[in-house]
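Here is the structure we will look at, set down as structure tokens.
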Amino acid sequence: MNHWLLKTEPSSFSFDDLLKAPRKTTGWNGVRNYQARNSLRDELKKGDLALIYHSNADPSAVIGVAEIVREGYPDPTQFDNKDDHYDPDSAPDAPRWFQVDVKAVKKLARPVSLEEIKGNKSLQGMLLVQRSRLSVQKVSPPDFDTILRLAK
DNA sequence: GCCAACGTTGGC
DNA sequence: GCCAACGTTGGC
């Protein structure tokens, strides 16, 4: 089983929104980066766990844990010309963008901020610390556990 | 709101 | 295929 970190801007979709969603589940749509797309399409597996990270937030922080409940399938927003994520160059018979479904597992007892992550020696290998803009990142099991421990 | 980092596009 | 121009991300 792999562990992941999924970024979201809480002003558009927050962890609380996920908790309020039907069955606490949502399609993780709108990712428009090829590397992240490849992970969503090929690597995120049912049962994998993901840290949900709020970017552009105050403070930016890991806020909760979610589980992958459906593996990669075409993101419908790419075909919706009224959606912000519409991609006129993507053909329905050869979709360019993929999404997974995620279900909220739990909100952390307290958020673990980027500042705190940057200040933790053992977490310096995280892509998040490397100024990575990647919105779907793999997280090592030890790093995943460390984040959960910091939240207690 | 600024801007550095980084990803994508497109002329050549 | 190079790389300048442009667009986006996301911390601050």
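It should be emphasised that the depicted structure is a prediction, and the values quoted were computed from it without experimental measurement. Numbers restart at 1 for each chain; the letters A, B, ... are given by sequence-line order, proteins then strands.
Ion pairing between A:Arg32 and A:Asp87 fails under the 4.0 Å rule for side-chain N and carboxylate O. Ion pairing of A:Asp75 with A:Arg37 is absent here, as no side-chain N (NZ or NE/NH1/NH2) approaches a carboxylate O to less than 4.0 Å.
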Could you run down the sub-3.5 Å N/O contacts of the protein with nucleotides 8-12 of chain C?
residue, atom, partner, partner atom, Å
C:dT8, O2, A:Arg133, NH1, 3.3
C:dT8, O2, A:Arg133, NH2, 3.1
C:dG10, OP1, A:Lys7, NZ, 2.7
C:dG10, OP1, A:Arg133, O, 2.7
C:dG11, OP1, A:Tyr53, OH, 2.8
C:dG11, OP2, A:Asn56, N, 3.1
C:dG11, OP2, A:Ser60, OG, 2.8
C:dG11, N7, A:Asn56, OD1, 3.2
C:dC12, OP1, A:Lys118, NZ, 3.0

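Tested against A:Thr8 for a side-chain contact (heavy atoms from CB on, under 4.5 Å), the candidates A:Tyr53, A:Phe15, A:Trp28 yield a single pass: A:Trp28.
For the pair A:Ala66 and A:Val102, the tightest heavy-atom approach, listed with the atom from each and the gap, is CB-CB, 4.2 Å.
Rounded to whole angstrom, the span from the CD atom of A:Gln35 across to the P atom of B:dC6 amounts to 12 Å. For the pair A:Gln130 CD and B:dG7 C1', the interatomic distance rounds to 18 Å; values are reported in whole Å.
Hydrophobic clustering places A:Leu108 together with A:Leu49 (ILVMFWY residues linked when any side-chain heavy atoms are closer than 4.5 Å, directly or through intermediates).
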